[in-house]
Protein chains: 2
Amino acid sequence: MTTIPRAGSAFLLAQIGAHAAARYAERVAALDLTPPQTGLLRAVAVEPGRSQQALATHLGMPASRLVALVDGLADRDLLERRRNPDDRRLHALHLTDAGEAMLSRIGRVAHAHDDALLAALDDTERATLHRLLTRIADDQGLTPGVHPGYRQV
Amino acid sequence: MTTIPRAGSAFLLAQIGAHAAARYAERVAALDLTPPQTGLLRAVAVEPGRSQQALATHLGMPASRLVALVDGLADRDLLERRRNPDDRRLHALHLTDAGEAMLSRIGRVAHAHDDALLAALDDTERATLHRLLTRIADDQGLTPGVHPGYRQV
DNA sequence: TATTGTTATACTCTATAACTATA
DNA sequence: TATAGTTATAGAGTATAACAATA
């Protein structure tokens, strides 16, 4: 007789995580954005003025991919490249006013997403979950705000 | 002044989930398997004899993709197709003895993976987390054992 | 010569849809 | 005509690496 391994927490985390990412992608699509784009906007807001190279390293993606991401957001005036007069190779990234406005819309979307995903839990349980997840993320060496799966779409 | 939205639980779940999936992929690569392959082996074990069509629907993937998956596992004698004499269009899927043996190796790998991912938590906390995650997965209508991100690799 | 940013190429993976066989 | 399974094609998305500008 065969024993079927029961789903452990690691599987549940991967399963719920993929579900959460897909639902989030749907929500930000209403803003005509993809999850990696929202991640980049957020990263720029956290520390304006970083170079594309620095951001690519921070986000864990090849520079060539970041260029395409920046292109799309710059075309829509959400982000701008500013040349550094001291070292003209560097392009410092900054949010535009429209970019700031977009970021707060993203914040509202993320909040609604959070609320829908955790609908099954009451406030105390949500706080407990958040605390446990933070401990795991910290222990696993995950960079705050950086999604390892900022690939595709 | 700009307000940076703090990472909520939905983001943490997506982040940790992607991390967990990547670490799991590394572990099963040692068995020369991909995560979708392990998912298929498990699904066959749970209910042997299902048709490829039924399994494709269950796992949420196109039949053409399942065929390639089955091909790879059948070539390695982990899985076998059995023709149904009553309806020769149907290919019932069953694990071979080697497939059963592989599944228990997968179980051990998954257990070690679980343990490493939850290293930051004690037993009581792990139980609490598992209970909360199960409630969320259930509330969100996720099919037990089926990873929505059984794509790529 | 080294580094930033950019562009081009080649590859991997996937879904769509055509096709074959059985019913 | 409809369904199970299979194969072929075409498209999306990526990383690698070549390239241009600046240091």
Side-chain angles (χ1 to χ4, degrees), chain A residues 18 21-22 25 28-29 32-40 43-44 47-75 79-94 146-153, chain B residues 18 21-22 25 28-29 32-40 43-44 47-75 79-94 146-153:
Chain A
V28 297
D32 199 23
L33 291 173
T34 63
Q37 285 179 321
T38 67
L40 175 56
V44 171
E47 187 182 332
R50 275 190 281 190
S51 71
Q52 298 186 181
Q53 202 68 246
L55 274 163
T57 301
H58 176 71
L59 295 174
M61 64 175 66
S64 62
R65 195 158 124 64
L66 189 79
V67 169
L69 224 47
V70 172
D71 282 347
L73 295 173
D75 286 349
L79 209 60
E80 64 178 5
R81 294 175 164 105
R82 294 190 197 156
R83 276 228 125 111
N84 182 338
D86 294 340
D87 184 342
R88 292 179 43 77
R89 290 175 305 185
L90 297 173
H91 283 180
L93 296 183
H94 295 265
V146 177
H147 193 298
Y150 273 157
R151 309 189 172 159
Q152 87 234 4
V153 168
Chain B
V28 296
D32 198 22
L33 291 172
T34 64
Q37 285 179 320
T38 66
L40 174 56
V44 171
E47 187 182 331
R50 276 190 281 190
S51 71
Q52 297 186 182
Q53 202 67 247
L55 274 163
T57 301
H58 176 70
L59 295 173
M61 64 175 66
S64 62
R65 195 157 124 65
L66 190 79
V67 168
L69 226 45
V70 172
D71 282 346
L73 295 173
D75 285 348
L79 209 60
E80 63 179 4
R81 295 176 163 105
R82 294 189 198 156
R83 276 228 125 109
N84 182 338
D86 294 341
D87 184 341
R88 290 179 43 76
R89 290 176 304 184
L90 297 172
H91 284 179
L93 296 183
H94 295 266
V146 177
H147 194 298
Y150 272 158
R151 308 185 173 162
Q152 88 233 5
V153 166

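So that the names make sense, note that chain A is the first sequence line, chain B the second, and so on, each numbered from 1.
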Send over the distance from [X] [atom1] to [N] [atom2], rounded to a whole Å.
| X | N | atom1 | atom2 | answer |
| --- | --- | --- | --- | --- |
| Leu69(B) | dT6(D) | CG | P | 12 Å |
| Leu66(B) | dC13(C) | CG | P | 17 Å |
| Asp75(B) | dT6(D) | CG | P | 12 Å |
| Arg82(A) | dG5(C) | CZ | P | 15 Å |
| Asp71(B) | dG5(D) | CG | C1' | 10 Å |
| Arg50(A) | dT4(C) | CZ | P | 15 Å |
| Gln53(A) | dA2(C) | CD | C1' | 12 Å |
| Gln52(B) | dA4(D) | CD | P | 11 Å |

Please tell me if the side chains of [X] and [Y] come closer than 4.5 Å, counting only heavy atoms from C-beta onward.
| X | Y | answer |
| --- | --- | --- |
| Leu40(A) | Gln37(A) | no |
| His94(B) | Arg81(B) | no |
| Val44(B) | Leu55(B) | yes |
| Val67(B) | Gln52(B) | yes |
| Leu69(A) | Met61(A) | yes |

>> Measuring to OP1 and OP2 of dT4(C), would you say a side-chain N or O of Arg81(A) lies under 4.0 angstrom away?
In response: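 Checking dT4(C) against Arg81(A), no side-chain N or O comes under 4.0 Å of OP1 or OP2.
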Options [options], nucleotide nearest the side-chain atoms of [X]:
| X | options | value |
| --- | --- | --- |
| Ser51(A) | dT6(D), dA15(D), dG5(C) | dG5(C) |
| Arg65(B) | dA15(D), dG5(C), dA15(C) | dA15(C) |
| Ser64(A) | dT7(D), dG5(C), dT7(C) | dT7(C) |

> How would nucleotides 18-23 of chain D be written as a contact map, 5' to 3', with B for base contact, S for sugar-phosphate-only contact and - for no contact, using protein heavy atoms under 4.0 Å?
Replying inline: ----BS
>> For Arg83(A) and His91(A), which I'm curious about, is there any donor-acceptor pair between the side chains at under 3.5 Å?
In response: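 Judged by distance alone, the side chains do pair up.
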> In chain order, what residues pass the side chain to side chain contact (heavy atoms under 4.5 Å, CB included) check against Glu47(A), with sequence neighbours excluded?
Replying inline: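 Side chain to side chain contact (heavy atoms under 4.5 Å, CB included) check on Glu47(A) returns Arg50(A).
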